[in-house]
2 protein chains.
Amino acid sequence: MSGARDLPHPDTATLLLTDVLFALSDPSRLALVRRLAQGPLEVAACQPTGGEVPKSTLSHHLKTLREAGVIRNVPEGRQRYVSLRRQDLDERFPGLLDAVLAAPSQ
Amino acid sequence: MSGARDLPHPDTATLLLTDVLFALSDPSRLALVRRLAQGPLEVAACQPTGGEVPKSTLSHHLKTLREAGVIRNVPEGRQRYVSLRRQDLDERFPGLLDAVLAAPSQ
DNA sequence: CGAATAGTTCAACTATTATCGAACCATGTC
DNA sequence: GACATGGTTCGATAATAGTTGAACTATTCG
């Protein structure tokens with residue numbers, strides 16, 4: 001596989017609850033999702049606040065979230081924009097994202 | 001550690017969202033939680049419907065759920081009763097369990 | 001007490017995930 | 001075209017999680 005321009009995103013109707021829960025069960029991924037709830041970010045801005053992490057590690061977490069259907073990752077010029085698939089998640093799993101975002105973050 | 005009569009259960013106020021999400025992210029554990037939503041079960045009845053699994057495997061999954069704070073596992077005579085910590089979860093993570101239970105199971 | 005029953009814990013092994021450097025791919029700029 | 005920039009993918013290794021048989025603990029019953 002080589003630098004595919006458009007990364008694959010699963011259809012809303014096929015999203016699996018267990019995949020979503022797993023993707024959200026990692027503290028750093030969950031923290032990112034909380035930030036994405038306030039608006040899209042470019043990949044570089046998805047770095048955990050405070051610590052720098054290698055690009056490949058960040059990309060791996062984005063992949064996990066994307067393949068679970070939690071985020072969308074689309075090219076935009078030379079960068080990529082990462083956004084929460086909020087409506088899709090609300091449609092498929094009503095109330096789930098709201099509950100997760102409302103929960104104590106620690 | 002030897003056959004402790006009363007297994008440890010985390011306090012409601014200390015439950016971590018990521019631990020709960022992780023515990024629920026396994027299909028067989030999630031299926032069990034759905035069944036527990038209808039009432040407590042003895043451990044033997046926690047077997048996945050259809051396939052038999054070794055006692056040790058089942059016990060391991062129960063431990064994961066218990067340590068995350070999702071279930072309670074209490075001795076009752078010679079058996080143990082497993083139940084959902086529904087109120088505790090609702091108190092700590094309002095709406096989460098409802099959303100999970102309402103979600104499509106596949 | 002001895003045996004049966006119900007389940008947890010231990011230890012070893014397998015499988016899945018996480019981490020990270022290096023290679024690679026597109027886009028934009030000179 | 002050459003090069004810098006922004007990111008993904010690959011491959012290897014480390015860490016974590018799942019699976020299971022065997023050993024062990026507690027309780028009940030004869």
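Basis for what follows: all heavy atoms, side chains included, without hydrogens, waters or symmetry-related copies. Chain A is the first sequence line, chain B the second, and so forth, proteins listed ahead of strands; every chain is numbered from 1.
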| query | Which letter, B, S or -, goes with each nucleotide of nucleotides 12-19 of chain D from 5' to 3', with contact meaning a protein heavy atom under 4.0 Å? | reply | -----SSB
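- A donor-acceptor pair under 3.5 Å links the side-chain atoms of A:R66 to the main chain of A:P8, judged by distance alone.
- Put simply, B:R5 has a side-chain N or O that comes within less than 4.0 Å of OP1 or OP2 on D:dT27.
- For the pair B:E42 CD and D:dT28 C1', the interatomic distance rounds to 15 Å; values are reported in whole Å.
- Under the side chain to side chain contact (heavy atoms under 4.5 Å, CB included) criterion, B:A23 pairs with B:T64, B:L65, B:A68, B:V70, not counting sequence neighbours.
- With sequence neighbours excluded, no residue satisfies side chain to side chain contact (heavy atoms under 4.5 Å, CB included) with B:A31.
- Pairing each heavy atom of A:L30 with each of A:L24, the nearest pair is CB-O, 3.5 Å.
- A search for side chain to side chain contact (heavy atoms under 4.5 Å, CB included) contacts involving B:P27 returns A:T18, not counting sequence neighbours.
- In this structure, B:F22 shares a hydrophobic cluster with A:F22, the cluster being traced through Ile, Leu, Val, Met, Phe, Trp and Tyr side chains under 4.5 angstrom apart.
- For the pair B:L7 CG and C:dG7 P, the interatomic distance rounds to 12 Å; values are reported in whole Å.
- The distance between atom CD of B:Q79 and atom P of D:dC29, rounded to the nearest whole Å, is 11 Å.
- Residue B:N73 places none of its side-chain N or O atoms closer than 4.0 Å to OP1 or OP2 of C:dG7.
- Between its opening and closing five pairs, the helix from C:dC1-D:dG30 to C:dC30-D:dG1 changes axis direction by 20°, a value rounded to 10 degrees.
- The shortest distance between side-chain heavy atoms of A:V100 and B:L96 falls below 4.5 Å.
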Exercise answer: donor-acceptor pairs, residues 44-62 of chain A side-chain atoms, under 3.5 Å, sequence neighbours excluded:
residue : atom : partner : partner atom : Å
A:Q47   : OE1  : A:V53   : N            : 3.0
A:Q47   : NE2  : A:V53   : O            : 2.9
A:H61   : ND1  : A:R29   : NH1          : 3.2

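- Annotation for B:P10 and B:E67: closest pair CG-O, 3.6 Å, computed over non-hydrogen atoms.
- Atom CD in B:E67 sits about 12 Å away from atom C1' in C:dT8, given to the nearest Å.
- In this structure, the CG atom of A:L62 is 15 Å from the P atom of C:dC20, given to the nearest Å.
- Legend: side chain to side chain donor-acceptor pair (under 3.5 Å) pairs involving residues 87-102 of chain A, not counting sequence neighbours, sorted by first then second residue: A:T12-A:D88, A:R72-A:D88, A:R85-A:D88.
- As a whole-Å value, the separation of A:Q47 CD from D:dG6 P is 13 Å.
- Scanning for side chain to side chain contact (heavy atoms under 4.5 Å, CB included) contacts around A:Q79 gives A:E42, A:Y81, with sequence neighbours left out.
- The separation between A:K55 atom NZ and C:dA26 atom C1' is 12 Å, rounded to whole Å.
- As rounded to whole Å, 14 Å separates atom C1' of C:dT27 from atom CG of A:D6.
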Please write out the pairs of protein N or O atoms and N or O atoms of nucleotides 28-30 of chain C separated by less than 3.5 Å, giving the distance to one decimal.
none

